[in-house]
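The analysis underlying the following values was restricted to heavy atoms, covering all of them including side chains, and did not include hydrogens, waters or symmetry mates. Every chain is numbered from 1 and lettered A, B, ... according to where its sequence line falls, protein lines coming before strand lines.
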Amino acid sequence: MSRYNATEIEPKWQKAWEEAETFRATRDPARAKYYVLEMFPYPSGRIHMGHVRNYTMGDLVARYKRARGFNVLHPMGWDAFGLPAENAAIERGIHPAEWTYANIADMKAQMRPLGLSLDWSREFATCDPDYYVHQQAMFLDMLEAGLVYRKTRMVNWDPVDMTVLANEQVIDGRGWRSGAPVERREMPQWFFNISAYAQELLDAIDTLDQWPEKVRLMQANWIGKSRGLQFAFETRGAPEGFERLEVYTTRPDTLMGASFAAISADHPLARALEKTDPAIAAFCAECRKLGTSEEALETAEKLGLDTGIRVVHPLDPDRELPVWIANFILMDYGTGAIFGCPAHDQRDLDFARKYGLDVIDTFVALQDGRPVEDVAFVPPKTEKVRWLKNFAWPEIATGEEAIEAAIAHAETHGYGKGVEQFRLRDWGATRQRFWGCPVPVVHCDACGMVPERRENLPVTLPEDATFDRPGNALDWHPSWRDVPCPKCGGPAKRETDTMDTFVDSSWYYARFTAPWAKTPTSREDAEYWMNVDQYIGGIEHAILHLLYSRFFARAMIRTGHLPEKCAEPFTALFTQGMVTHETYSTTDERGRTVWHTPEEVIRDERGARLKDGRPVTIGPSVKMSKSKKNVVDPADIVELHGADTARWFVMSDSPPERDVEWTAAGAEAAAKHLQRVWRLAEEAVEAGDGEAAADAALRRAVHRTIAGVTDDIEAFAFNKAIAKLYELTNIVAKSAAGGAEKRAAMKVMAQLMQPMTPHLAEEIWALLGGEGLVTDAPWPEHDPALLVEDSITLPIQINGKRRTDITVPADAAREAIEAAVLADATVQRWLAGGQPRKLIVVPGRIVNVVL
RNA sequence: GCCCGGAUGGCGGAAUUGGUAGACGCAGCGGAUUCAAAAUCCGCCGCCGCGAGGCAUGCCGGUUCGAGUCCGGCUCCGGGCACCA
């Protein structure tokens with residue numbers, strides 16, 4: 001009996017698919033289409049198990065839908081602009097383009113042996129001028145349509161390297177290369193007007209019924225619609241022009257509990273004060289060292305400085321509140337100024353306790369309404385509370401009711417107005433970086449900002465840029481930067497900022513429908529292929545990438561690049577978990593942790609050690625990462641066991657939305673199982689006559705498996721589908737059925753396994769005389785009549801605990817079941833001659849005897 | 001800090017709408033085959049208890065004939081926080 005040799009067989013079938021152009025997608029209006037897309041990778045150079053899992057999932061869906069008769073589009077490309085290429089350029093003196101395209105070639109070579117049903121004829125990289133020329137054209141269209149504009153925003157500034165840093169390049173408040181304390185600095189940049197679509201993007205979330213609920217919630221919270229009160233405090237002692245201080249609050253009901261006002265260090269008032277007051281200037285400078293991320297601001301120690309300015313309480317002209325500058329107020333949200341109500345906001349309370357400000361209870365709990373001490377009282381807004389400082393509503397009311405009453409009160413008395421506000425900020429569309437899509441705009445001293453002429457697109461990145469000094473290499477490239485003005489011909493400078501890589505990934509799904517069109521999209525292809533029927537990717541993209549893509553699709557509709565129906569480009573979304581592996585570490589002579597790769601480690605039941613015998617500490621299983629060296633290279637697994645084994649394993653153990661732990665033993669088990677399936681197919685070829693009863697039993701098992709696997713695939717429960725295939729394998733192995741029935745069973749097995757292990761499936765299909773490629777075979781249908789059982793086993797509970805069971809005909813009447821239960825020996829023992837208080841019969845399910 | 005998830009045997013996980021907790025796999029144990037091993041095949045396998053039985057789904061409490069599943073309150077772990085992609 002021969003062994004299944006994956007290394008020999010897999011390339012054979014890959015060649016067969018390629019020669020038949022099996023996966024080439026062609027627009028065919030006569031057929032129903034299905035567009036399945038996995039989030040395209042950043043070309044780091046090596047694929048990792050996370051990629052294998054992501055693409056296997058997509059491939060499974062693509063192959064299944066093909067078998068169900070759909071015209072499937074399943075493309076692949078590269079999210080190729082980004083920081084790592086620029087870092088490689090700085091560190092190794094290699095041009096980002098060279099680094100990136102070499103990585104793409106390497107990664108593609110690692111992906112091809114996986115046997116994915118991809119249409120490689122549509123492959124592109126976002127750094128191809130053929131791709132970004134269209135992005136530049138659309139940028140100009142969107143500029144004309146008013147969807148793009150310029151303004152300033154804070155960035156992380158490294159004062160030593162004189163360069164803008166990404167948030168991940170700021171480590172403990174310092175630049176990662178220079179080590180210098182980072183400053184917040186205002187810079188002009190380009191923005192997409194996504195906030196104009198906030199309401200629409202929020203409303204449309206309701207239509208995304210095939211998205212995970214958690215993603216929809218996260219997006220809604222990110223957009224963050226709130227209703228609140230905007231009003232102005234009258235100031236005392238403020239510089240000229242600051243007679244009023246505008247604030248926004250979502251809790252106007254707590255206005256009587258206000259004990260201070262606070263402004264951001266970036267607020268115009270703070271900026272005015274720091275010009276003349278060195279103490280304020282020093283404090284604002286300190287605040288600006290916090291960086292730009294919300295996380296940094298929110299987790300930092302709350303610091304403030306009293307400006308000496310006072311504001312008048314709008315409801316009590318005799319009361320004055322101090323105005324503080326505080327490091328936790330965001331200039332980007334609301335008006336950059338708030339009033340603090342310490343009793344009902346934990347941040348305000350911490351701040352008030354630290355600086356000795358008043359804490360005024362505005363409301364208390366209905367029962368045991370104690371005053372606030374160190375924990376702010378923040379009940380749900382729907383809960384009724386007892387008001388101590390109500391000014392326009394009854395003593396007992398909910399927060400919601402009080403908020404509306406307070407807004408009405410402010411509007412009636414003319415000191416404020418109710419406003420709706422979104423947390424969502426406009427999308428900063430550009431970066432001070434070289435390796436991105438150039439913004440096709442020129443700055444002319446005479447004409448101002450001038451769009452590049454369409455016929456001059458693409459504006460390509462220079463191939464002779466140098467990366468020996470920090471900052472944007474485009475700034476140091478005079479022959480690229482200095483150009484004549486497209487309008488007046490006078491001296492002008494190109495925009496040297498390039499587009500955020502999120503722009504590249506916000507429309508690649510549309511480009512895949514017509515990757516070689518002379519325009520960004522082709523109307524016919526977009527009409528036919530869009531939208532993406534199933535999008536698959538990591539949960540880490542739940543907010544930004546998906547929200548930006550939803551916006552960009554709308555912007556493309558507005559500029560005529562997509563049909564109206566594409567406003568929500570991803571019909572169904574699935575977010576998969578990560579691939580993890582346990583970690584191995586030792587300690588060096590200086591006490592530092594040294595990580596080891598799984599290959600360096602010998603693992604047995606007693607623990608783990610290095611090859612030289614030194615013991616190794618086994619750490620928790622975490623996401624595979626280079627820094628912890630807990631990586632398994634897919635290429636090694638493919639070489640050792642074949643692609644099918646890797647595919648089978650990443651789909652088996654864990655549900656796809658959860659993390660899966662890679663273990664060598666698990667991979668081994670997957671390989672063994674595939675060998676076993678192969679052996680069963682070989683045995684079936686030679687098997688002779690069997691028992692009629694066994695034939696029928698096997699046929700029923702096969703149909704049960706068809707139904708189960710189909711349901712599980714439809715529900716994205718791939719691990720359960722695989723468990724059912726294991727079960728069927730066990731049944732076939734033990735079955736006394738005849739050769740014909742076993743061969744039929746194994747052919748169905750090949751069909752059901754085809755989406756997961758396509759190479760093995762083809763080999764078995766061919767062995768058993770299947771017609772053509774199993775990849776082209778229609779999905780098997782189950783016969784419902786074969787799933788009906790004659791009798792069922794009902795568990796019997798006594799007082800809710802299972803004690804025994806009875807087997808009854810499937811169609812037994814309730815009375816018959818009750819009689820059978822009462823006659824059961826175990827039940828009689830528990831009854832001890834008495835009568836049950838209650839007998840609950842759930843037909844087809846369970847019986848509960850209540851004593 | 002804020003938003004969103006997750007937690008079930010030694011391990012990964014399964015369990016329709018609230019109805020047999022532990023499917024399937026790994027590891028382990030016992031056996032067959034073998035000169036021996038690998039491979040393969042068969043069986044056992046939540047914990048405690050000789051047993052009857054008791055205890056078990058992160059922790060505490062509640063609803064119910066019945067809770068892994070529903071409700072309230074925690075703990076720990078993970079994802080995101082707008083310049084990583």
Side-chain angles (χ1 to χ4, degrees), chain A residues 3 39 41-42 44 79 81-84 153 155-156 164-170 189 212-215 217-222 224 292-300 302 328 332 346-347 350 423-428 430-433 500-502 505 538-545 547-548 575 577-578 580 605 620-623 649 652-655 657-661 663 665-666 668-670 672-673 675-676 679 711 717 719-720 722-727 730 733-734 793-797 799-805 836-840 842 844-851:
Chain A
R3 253 181 95 73
M39 291 180 184
Y42 179 80
S44 59
D79 189 12
F81 278 131
L83 267 185
R153 184 179 277 178
V155 294
N156 299 308
V164 176
L165 298 177
N167 282 333
E168 71 159 7
Q169 296 174 318
V170 179
Q189 6 192 345
E213 185 54 35
K214 61 176 168 181
V215 175
L217 241 180
M218 280 192 262
Q219 293 229 342
N221 289 341
W222 186 263
T292 57
S293 78
E294 194 174 314
E295 187 189 0
L297 260 54
E298 293 268 356
T299 52
K302 311 282 176 277
F328 58 91
D332 286 317
Q346 192 61 44
R347 267 187 324 193
D350 295 344
R423 203 185 78 100
L424 180 66
R425 307 201 298 255
D426 275 341
W427 171 12
T430 53
R431 306 286 181 258
Q432 287 70 42
R433 311 211 183 284
D500 175 15
T501 55
F502 276 126
S505 56
I539 184 68
E540 66 272 22
H541 296 292
I543 297 174
L544 292 179
H545 162 62
L547 189 63
Y548 290 156
T575 52
M578 301 176 298
T580 66
E605 53 287 1
S621 194
V622 296
K623 178 177 177 173
F649 178 69
S652 59
D653 279 7
S654 293
E657 67 276 13
R658 281 223 227 145
D659 292 351
V660 64
E661 183 180 8
T663 60
E668 197 81 23
K672 277 186 195 171
H673 177 74
Q675 287 292 344
R676 187 168 181 231
R679 267 197 317 274
D711 287 350
N719 57 323
K720 285 159 65 182
I722 284 182
K724 291 188 173 100
L725 288 165
Y726 268 108
E727 239 164 354
N730 289 336
K734 288 179 180 142
T793 300
L794 282 182
I796 297 174
Q797 294 182 333
N799 284 342
K801 276 197 181 292
R802 184 186 174 280
R803 297 295 174 184
T804 184
D805 54 48
R837 273 207 297 141
K838 215 171 178 183
L839 191 57
I840 296 159
V842 184
R845 278 268 179 216
I846 202 164
V847 178
N848 193 7
V849 183
V850 184
L851 298 181

If you measure from the [atom1] atom in [N] to the same atom in [M], how many Å do you get, rounded?
{"N": "B:C47", "M": "B:C65", "atom1": "C1'", "result": "27 Å"}
{"N": "B:U16", "M": "B:A23", "atom1": "C1'", "result": "14 Å"}
{"N": "B:C77", "M": "B:A67", "atom1": "C1'", "result": "24 Å"}
{"N": "B:U57", "M": "B:G9", "atom1": "P", "result": "9 Å"}
{"N": "B:C4", "M": "B:A21", "atom1": "P", "result": "34 Å"}

Shortest side-chain distance from [X], nucleotide among [options]:
{"X": "A:Leu83", "options": "B:C83, B:A23, B:A85", "value": "B:A85"}
{"X": "A:Tyr42", "options": "B:C83, B:A85, B:G43", "value": "B:A85"}
{"X": "A:Glu168", "options": "B:C84, B:G25, B:A85", "value": "B:C84"}
{"X": "A:Glu540", "options": "B:A85, B:C84, B:G66", "value": "B:A85"}
{"X": "A:Phe502", "options": "B:A85, B:U40, B:U20", "value": "B:A85"}
{"X": "A:Asp653", "options": "B:G80, B:G25, B:C84", "value": "B:G25"}
{"X": "A:Gln797", "options": "B:C83, B:C65, B:G19", "value": "B:G19"}
{"X": "A:Arg802", "options": "B:C65, B:G5, B:U20", "value": "B:U20"}

Determine the contact category for [X]: base if any of its heavy atoms lies under 4.0 Å from a base atom, sugar-phosphate if only primed atoms, P, OP1 or OP2 are that close, otherwise nothing.
{"X": "A:Ser293", "answer": "sugar-phosphate"}
{"X": "A:Leu547", "answer": "nothing"}
{"X": "A:Pro655", "answer": "sugar-phosphate"}
{"X": "A:Val164", "answer": "base"}
{"X": "A:Glu657", "answer": "nothing"}
{"X": "A:Phe328", "answer": "nothing"}
{"X": "A:Lys302", "answer": "nothing"}
{"X": "A:Ala665", "answer": "sugar-phosphate"}
{"X": "A:Val170", "answer": "nothing"}
{"X": "A:Trp427", "answer": "nothing"}
{"X": "A:Gly666", "answer": "nothing"}
{"X": "A:Asn719", "answer": "sugar-phosphate"}
{"X": "A:Arg837", "answer": "nothing"}

Nearest-Å distance, [atom1] ([X]) to [atom2] ([N])?
{"X": "A:Ile840", "N": "B:U20", "atom1": "CD1", "atom2": "C1'", "answer": "16 Å"}
{"X": "A:Glu295", "N": "B:G79", "atom1": "CD", "atom2": "C1'", "answer": "12 Å"}
{"X": "A:Asp350", "N": "B:G1", "atom1": "CG", "atom2": "C1'", "answer": "10 Å"}
{"X": "A:Arg3", "N": "B:A39", "atom1": "CZ", "atom2": "C1'", "answer": "8 Å"}
{"X": "A:Glu213", "N": "B:C4", "atom1": "CD", "atom2": "P", "answer": "11 Å"}
{"X": "A:Phe649", "N": "B:G12", "atom1": "CZ", "atom2": "P", "answer": "12 Å"}
{"X": "A:Ile846", "N": "B:U20", "atom1": "CD1", "atom2": "P", "answer": "5 Å"}
{"X": "A:His545", "N": "B:G79", "atom1": "NE2", "atom2": "C1'", "answer": "16 Å"}

With a 4.0 Å limit, can you tell me whether [X] has a side-chain N or O closer than that to the phosphate oxygens OP1/OP2 of [N]?
{"X": "A:Arg425", "N": "B:A82", "answer": "no"}
{"X": "A:Asn730", "N": "B:A23", "answer": "no"}
{"X": "A:Asn799", "N": "B:G66", "answer": "no"}
{"X": "A:Thr501", "N": "B:A85", "answer": "yes"}
{"X": "A:Arg803", "N": "B:G54", "answer": "yes"}
{"X": "A:Lys720", "N": "B:A15", "answer": "yes"}
{"X": "A:Arg676", "N": "B:A39", "answer": "no"}
{"X": "A:Arg658", "N": "B:G78", "answer": "no"}
{"X": "A:Asn221", "N": "B:C2", "answer": "no"}

Report task. Could you tell me whether B:G9 is syn or anti, where syn means a glycosidic angle within 90 degrees of zero? Result -> syn
Requested in this report: Look at the aromatic rings of A:Tyr726 and A:His673 and report parallel, tilted or perpendicular, splitting at 30° and 60°.
Outcome: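 Geometry flag for A:His673 against A:Tyr726: tilted rings.
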Requested in this report: Say whether A:Arg837 and A:Asn799, considering side chains only, have a donor N or O and an acceptor N or O under 3.5 Å apart.
Outcome: no
**Report entry** Where A:Met218 and A:Ala542 come nearest, the two heavy atoms and their spacing
**Finding:**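 Heavy-atom minimum between the residues: CE-CB, 3.8 Å.
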Query raised in the report: Salt bridge check: are A:Lys214 and A:Glu657 linked by an N-O gap of less than 4.0 Å?
Result: no
Report task. Give a yes or no on whether a salt bridge exists between A:Lys302 and A:Asp350, defined as a side-chain N under 4.0 angstrom from a carboxylate O. Result -> no
Query - First encountered from the 5' end of RNA chain B, between A:Arg423 and A:His541 - result: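 Going by which nucleotide is closer to the 5' end, it is A:Arg423.
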Report summary line: 5'-most contact on RNA chain B (nearest-nucleotide basis), A:Val842 vs A:Lys672, goes to A:Val842
Requested in this report: May I ask you to test the A:Val215-A:Ile539 pair for a side-chain heavy-atom distance under 4.5 Å?
Outcome: yes
Query raised in the report: With distance as the sole criterion, do the side chain of A:Asn167 and the base of B:C83 form a donor-acceptor contact below 3.5 Å?
Result: no
Requested in this report: Using only heavy-atom distances, decide whether a donor-acceptor pair under 3.5 angstrom links the side-chain of A:Gln432 to the base of B:C83.
Outcome: yes
Query raised in the report: Can you tell me how far the NZ atom of A:Lys724 sits from the CG atom of A:Asn719, to the nearest 0.5 Å?
Result: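 Here the interatomic distance stands at 9.5 Å.
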